[in-house]
Amino acid sequence: VTLVESGGGSVQSGGSLTLSCSLSEPYDRQYCLGWFRQVPGEGRERMGVATFDTDDNTAYANFVKWRFTMSQNIAENTLHLRLQMSGLTPEDTAMYYCAADGRRFNCGDYTAIDFTHWGQGTQVTVSS
């Protein structure tokens, strides 16, 4: 499983960013994909999790952290998960990671330790 992340960068306080994650050529029927963020010295904070079903090409969000929105879809044999962030503050500065796992239980119950595949991360920096 290879996760490709994009969309990080530097913005001023109040700005917006959209992070994108894709998983190509899925081999399991169902997946959980999620976005997490981490600042140095702290654990990974869950930002959003979604369920994907490759049999009927459906996807839906299980959990999204307030202030942010998430969209998800399956297209051309690729799973897509996007995290739309607005009203950003310096406290949102972190490394953001996409994670994936073949669904073993309700994706809404997944936490960081449950995911087996991780992207390399994309840095978000918000300046005041």
Side-chain angles (χ1 to χ4, degrees):
V1 173
T2 301
L3 297 169
V4 178
E5 302 153 324
S6 63
S10 298
V11 295
Q12 291 191 327
S13 186
S16 301
L17 281 174
T18 295
L19 306 182
S20 297
C21 174
S22 62
L23 186 162
S24 299
E25 300 182 349
Y27 52 81
D28 281 332
R29 178 196 162 193
Q30 292 185 323
Y31 283 86
C32 302
L33 264 66
W35 277 105
F36 291 78
R37 69 184 182 187
Q38 187 172 28
V39 298
E42 298 185 10
R44 293 189 176 184
E45 179 185 9
R46 190 172 68 157
M47 307 304 295
V49 179
T51 300
F52 293 77
D53 189 313
T54 62
D55 271 5
D56 55 17
N57 265 13
T58 59
Y60 61 90
N62 299 95
F63 164 80
V64 184
K65 185 176 177 69
W66 75 281
R67 277 199 304 118
F68 298 158
T69 59
M70 200 165 66
S71 61
Q72 54 284 317
N73 71 298
I74 301 175
E76 297 180 356
N77 203 31
T78 299
L79 314 185
H80 298 277
L81 183 66
R82 291 165 293 274
L83 183 68
Q84 290 102 12
M85 307 184 294
S86 60
L88 289 165
T89 71
E91 288 68 37
D92 295 311
T93 294
M95 185 70 81
Y96 285 70
Y97 295 92
C98 181
D101 190 53
R103 181 178 180 270
R104 292 175 284 122
F105 49 91
N106 183 3
C107 296
D109 295 328
Y110 268 67
T111 62
I113 61 173
D114 298 312
F115 285 94
T116 54
H117 305 284
W118 291 85
Q120 62 185 13
T122 183
Q123 178 68 38
V124 172
T125 302
V126 185
S127 58
S128 58

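Sequence positions, counted from 1, serve as the residue numbers for this chain.
Atom CD of Gln84 is separated from atom CG of Leu19 by 9.0 Å, given to the nearest 0.5 angstrom. If you take SG on Cys21 and OH on Tyr97, they are separated by 13.5 Å, rounding to the nearest 0.5 Å. The line from CG of Leu88 to CZ of Arg67 is 6.5 Å long, rounded to the nearest 0.5 Å.
Inter-residue side-chain proximity for Thr54 and Leu79 is flagged as met; some heavy-atom pair is nearer than 4.5 Å. Ser24 places none of its side-chain heavy atoms less than 4.5 Å from the side chain of Asn77. With contacts defined as side-chain heavy-atom distances shorter than 4.5 Å, the pair Trp35/Val64 does not qualify. Considering only heavy atoms from C-beta on, Cys98 stays 4.5 Å or farther from Trp118 through its side chain. Residues Pro26 and Tyr31 have side chains in contact (heavy-atom distance under 4.5 Å, counting atoms from C-beta outward). In this structure, Leu81 and Met70 have side chains that are in contact, with non-hydrogen atoms separated by less than 4.5 Å. The shortest distance between side-chain heavy atoms of Leu83 and Met47 falls below 4.5 Å. Contact of the Phe52 side chain with the Gln72 side chain is registered, since non-hydrogen atoms from C-beta on lie closer than 4.5 Å.
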>> Please determine whether side-chain contact (heavy atoms from CB on, under 4.5 Å) holds for the pair Phe36 and Phe115, giving the CA-CA distance in whole Å, both sets of side-chain angles, and the decisive distance to 0.1 Å.
In response: CA-CA 11 Å; Phe36 291 78; Phe115 285 94; 3.5 Å; yes
> Given the rule in the side-chain contact (heavy atoms from CB on, under 4.5 Å) test, do Phe63 and Asp109 qualify, once you have shown the distances and angles that lead to the verdict?
Replying inline: CA-CA 9 Å; Phe63 164 80; Asp109 295 328; over 6 Å; no
>> Is there a side-chain contact (heavy atoms from CB on, under 4.5 Å) between Met85 and Val124? Walk through the geometry before answering.
In response: CA-CA 10 Å; Met85 307 184 294; Val124 172; 4.0 Å; yes
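The closest side-chain donor-acceptor pair between Asp53 and Thr58, if any, does not fall under 3.5 angstrom. Judged by distance alone, the side chains of Thr78 and Glu76 never bring a donor and an acceptor atom under 3.5 Å apart.
Between Asn73 and Ala75 the shortest heavy-atom distance is ND2-CB, 3.7 Å. The minimum heavy-atom distance linking Ser128 with Pro90 is given by the pair CB-CG, 3.9 Å. Scanning both residues, Thr18 and Arg82, for their nearest heavy atoms gives CG2-CB, 4.2 Å. The two residues Arg103 and Asn106 come nearest to each other via the heavy atoms NH2-CA, 4.0 Å. Of all the heavy atoms in Ala100 and Leu33, the pair that sits closest is CB-CD1, 3.9 Å. Shortest non-hydrogen contact noted between Gly87 and Ser16 is N-OG, 4.4 Å.
At least one donor-acceptor pair under 3.5 Å links the side chain of Asn62 to the backbone N or O of Thr51. Although no hydrogens or angles enter the test, the distance criterion places no donor-acceptor pair under 3.5 Å between the side chain of Gln38 and the main chain of Met95. Of the possible polar contacts, none joining the Ser20 side chain to the His80 backbone as a donor-acceptor pair under 3.5 Å is found. In this structure, the side chain of Thr93 engages the main chain of Val126 through a donor-acceptor pair within 3.5 Å. Counting only distance, with no hydrogens or angles, the side chain of Arg104 and the backbone of Asp114 share a donor-acceptor pair below 3.5 Å. A donor-acceptor contact shorter than 3.5 Å links the side chain of Arg46 to the backbone of Tyr110.
Taking a cutoff of 4.0 Å between a charged side-chain nitrogen and a carboxylate oxygen, Asp92 and Arg37 qualify as a salt bridge.
Listed by first and then second residue, the disulfide (SG to SG under 2.5 Å) pairs involving residues 33-79 amount to none (not counting sequence neighbours).
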